[in-house]
Enquirer: 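Could you have a look at this structure, given as structure tokens, before my questions?
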Amino acid sequence: MCGRYTLKTPLDKLVQQFDLTGQSPTLSPNYNVAPTQNVAAVMNGRRLETLRWGLIPSWAKDDSIGARLINARAETVNEKPSFRSAFRRRRCLIPADGFYEWRRLNGGKQPYYITLRGGEPFVFAGIWESWSGAGEDVLSCAIITTRANSLVAEIHERMPVIIPAIAYDDWLDPEIDAHEALALLEPYPADAMDAYLVSTHVNRPANNDERCVKPL
DNA sequence: CCAGACGTTGTT
DNA sequence: GTCTGG
DNA sequence: CCAGACGTTGTT
DNA sequence: GTCTGG
């Protein structure tokens, strides 16, 4: 799955890499992006916006459900009531430069840091929703997961969907049909990725520094 | 018809 | 809002 | 994802 | 054990 990631690439590089338009929110390097926090997302029109990680369906009575809807399975995202309308009409790209997965072994857990080979920033496939149950509207999002490729499978059964640059426009286009969007949800090639063991420093969401990504 | 759920992961 | 279960 | 709380009454 | 919060 995907429950933590990093975004430490400077904004000017993201603007260049993802053809961002308009005014972007300010970003500071984040080595430990965690659920319920505000995250940067590329919306249709290539505008960078800030959304809460953990999707709050429009019908939710309160926002607490969002903490549990941090991922949506590619296999069912077009069917589940919580995700279906967002998947069909409100897709986004969530920039990152690495993500963490925990490997279970002999009752323990060790975190690994996974990046693209070369360390370039990339984007997760995301869906977003607007919730107006409290005073102001809350925009929130979820990251879509799929089966792990051969590299990540050594660590965990699932991994986030990474959208290749050639598919950015299609993914963001609300007019493409669900079938076309589903076809983009494939595991990223293992031979284009790297993974290494890191310390449990990253376990604590408040820890946000270089030690999170330091090879063990 | 109305009531109640609506999610993923991992573990058993 | 929409679907499933009773 | 992991970390941390999880309860009431009454007193300071 | 289970739920909430980050």
Side-chain angles (χ1 to χ4, degrees), chain A residues 1-7 27-41 50-90 94 96-115 124-134 137-148 152-162 178 185 187 195-209 211-213 216:
Chain A
M1 71 174 304
C2 179
R4 300 291 178 87
Y5 67 92
T6 65
L7 183 60
L27 288 178
S28 45
N30 198 327
Y31 294 86
N32 202 349
V33 182
T36 73
Q37 296 176 356
N38 288 329
V39 300
T50 299
L51 312 178
R52 187 195 297 192
W53 183 11
L55 189 142
I56 308 163
S58 59
W59 41 260
K61 290 183 187 66
D62 65 274
D63 61 1
S64 63
I65 190 174
R68 300 191 293 285
L69 305 186
I70 65 170
N71 293 136
R73 293 175 65 90
E75 296 89 337
T76 54
V77 67
N78 190 35
E79 295 146 25
K80 296 290 184 183
S82 294
F83 299 136
R84 194 167 96 156
S85 56
F87 173 69
R88 293 189 180 175
R89 300 293 302 182
R90 291 179 298 280
I94 300 174
D97 31 48
F99 62 95
Y100 301 96
E101 296 288 358
W102 279 257
R103 182 187 197 183
R104 285 167 185 272
L105 195 61
N106 303 328
K109 287 187 189 181
Q110 270 298 322
Y112 285 73
Y113 184 54
I114 302 158
T115 63
F124 298 128
I127 55 177
W128 66 273
E129 188 58 89
S130 178
W131 179 73
S132 37
D137 287 4
V138 179
L139 300 184
S140 60
C141 61
I143 293 172
I144 299 180
T145 64
T146 184
R147 64 191 185 278
V152 179
E154 301 291 322
I155 303 161
H156 197 80
E157 300 295 309
R158 308 283 302 172
M159 66 182 277
V161 172
I162 294 171
L185 301 179
Y196 60 80
L197 188 63
V198 293
S199 85
T200 54
H201 184 69
V202 70
N203 286 15
R204 192 166 186 262
N207 292 339
N208 180 3
D209 55 58
R211 288 168 61 195
C212 292
V213 299
L216 200 67

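Order of the sequence lines sets the chain letters (A, B, ...), proteins ahead of strands, with each chain counted from 1. Everything numeric in this text was worked out from a predicted model, so none of it was measured.
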Enquirer: Between atom CH2 in A/W53 and atom P in D/dC2, what is the gap in whole Å?
Expert: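 Going from A/W53 (CH2) to D/dC2 (P), I get 12 Å.
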Enquirer: Base, sugar-phosphate alone, or nothing: which one does A/P35 contact when heavy atoms must sit under 4.0 Å apart?
Expert: base
Enquirer: Please check the phosphate of D/dC1 (OP1 and OP2 only) for any side-chain N or O of A/R204 closer than 4.0 Å.
Expert: no
Enquirer: Aromatic ring centroids of A/Y113 and A/F99 under 6.0 Å?
Expert: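 No, too far apart.
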Enquirer: Counting the atoms with a prime plus P, OP1 and OP2 as sugar-phosphate, which does A/L55 contact under 4.0 Å by heavy atoms, base, sugar-phosphate, or nothing?
Expert: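 The residue A/L55 makes no contact with any strand.
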Enquirer: Grab the CD1-P distance between A/I65 and B/dG4 for me, whole Å please.
Expert: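 A/I65 atom CD1 is separated from B/dG4 atom P by 17 Å.
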Enquirer: In terms of side-chain geometry, is the basic nitrogen of A/E157 or A/R147 positioned less than 4.0 Å from the acidic oxygen of its partner?
Expert: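 No, A/E157 and A/R147 are not salt-bridged.
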Enquirer: Please give, in whole Å, the distance from D/dA3 P to A/Y100 OH?
Expert: 14 Å
Enquirer: Do NZ/NE/NH1/NH2 and the carboxylate oxygens of A/K80 and A/E75 come within less than 4.0 Å?
Expert: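 A salt bridge is absent here (no side-chain N lies under 4.0 Å from a carboxylate O).
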Enquirer: Quote, to the nearest angstrom, the C1' distance that separates E/dG6 from B/dG4.
Expert: 30 Å
Enquirer: Within the 4.0 Å heavy-atom criterion, would you say A/S64 contacts the bases, only the backbone, or no part of the nucleic acid?
Expert: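 A/S64: no heavy atom of the nucleic acid under 4.0 Å.
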Enquirer: How long is the line joining CZ of A/R68 and P of E/dT2, in whole Å?
Expert: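 Answer to the nearest Å: 14 Å.
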Enquirer: Below the 4.0 Å mark, does C/dC3 have OP1 or OP2 next to a side-chain nitrogen or oxygen of A/R84?
Expert: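 Checking C/dC3 against A/R84, a side-chain N or O does come within under 4.0 Å of OP1 or OP2.
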Enquirer: Do A/W59 and the base of B/dC6 stack face to face, with centres under 5.5 Å apart and an angle between planes under 30°?
Expert: yes
Enquirer: Between A/Q37 (CD) and E/dT4 (P), how many Å, whole number?
Expert: 19 Å
Enquirer: Is the phosphate of B/dT9 approached by A/T145 (side-chain N or O, under 4.0 Å from OP1 or OP2)?
Expert: yes
Enquirer: Please give, in whole Å, the distance from C/dG1 C1' to A/R88 CZ?
Expert: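 Taking atom C1' of C/dG1 as the reference, CZ of A/R88 is at 13 Å.
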Enquirer: Quantified in whole Å, what is the P atom distance between nucleotide E/dG1 and nucleotide B/dT8?
Expert: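 Roughly 24 Å separates the two P atoms.
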Enquirer: Find the partner of C/dG1: check Watson-Crick (N1-N3 plus N6-O4 or O6-N4) and G-U wobble (N1-O2, O6-N3) distances, both under 3.5 Å, and reply none if neither fits.
Expert: B/dC6
Enquirer: Return no unless some side-chain N or O of A/R158 is found under 4.0 Å from OP1 or OP2 of B/dT9.
Expert: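 True: A/R158 side-chain N/O within range (under 4.0 Å) of B/dT9 OP1/OP2.
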Enquirer: Within less than 4.0 Å of OP1 or OP2 of B/dT8, is there a side-chain N or O belonging to A/S82?
Expert: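 For B/dT8, neither OP1 nor OP2 has a side-chain N or O of A/S82 closer than 4.0 Å.
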Enquirer: Roughly how far apart, to the nearest Å, are B/dG7 and D/dC1 at atom C1'?
Expert: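 That atom pair is separated by 15 Å.
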Enquirer: Run the numbers on A/W53 and A/F124 for ring-ring contact (aromatic ring centres under 6.0 Å, His included), then give the verdict.
Expert: CA-CA 12 Å; A/W53 183 11; A/F124 298 128; 8.0 Å; no
Enquirer: Would you kindly say whether A/T50 and A/N38 are connected by a side-chain donor-acceptor distance under 3.5 Å?
Expert: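 Per modelled atom types, A/T50 and A/N38 side chains form no pair under 3.5 Å.
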Enquirer: Say you pick atom P in E/dG5 and the same atom in B/dT9; how far apart are they, in whole Å?
Expert: 22 Å
Enquirer: Rounded to whole Å, how long is the line connecting atom CD1 of A/I70 with atom P of E/dT4?
Expert: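 These atoms are roughly 15 Å apart.
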Enquirer: Mind checking A/R73 for me? I need base, sugar-phosphate or nothing, with any heavy atom below 4.0 Å counting as a touch.
Expert: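 Sugar-phosphate only.
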Enquirer: Return the value, rounded to whole Å, for the distance between atom CZ of A/F83 and atom P of B/dA5.
Expert: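 Going from A/F83 (CZ) to B/dA5 (P), I get 17 Å.
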Enquirer: Looking at every heavy atom in both A/I144 and A/V77, which two are closest together, and how far apart are they?
Expert: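 Residues A/I144 and A/V77, closest heavy atoms: CD1-CG2, 4.4 Å.
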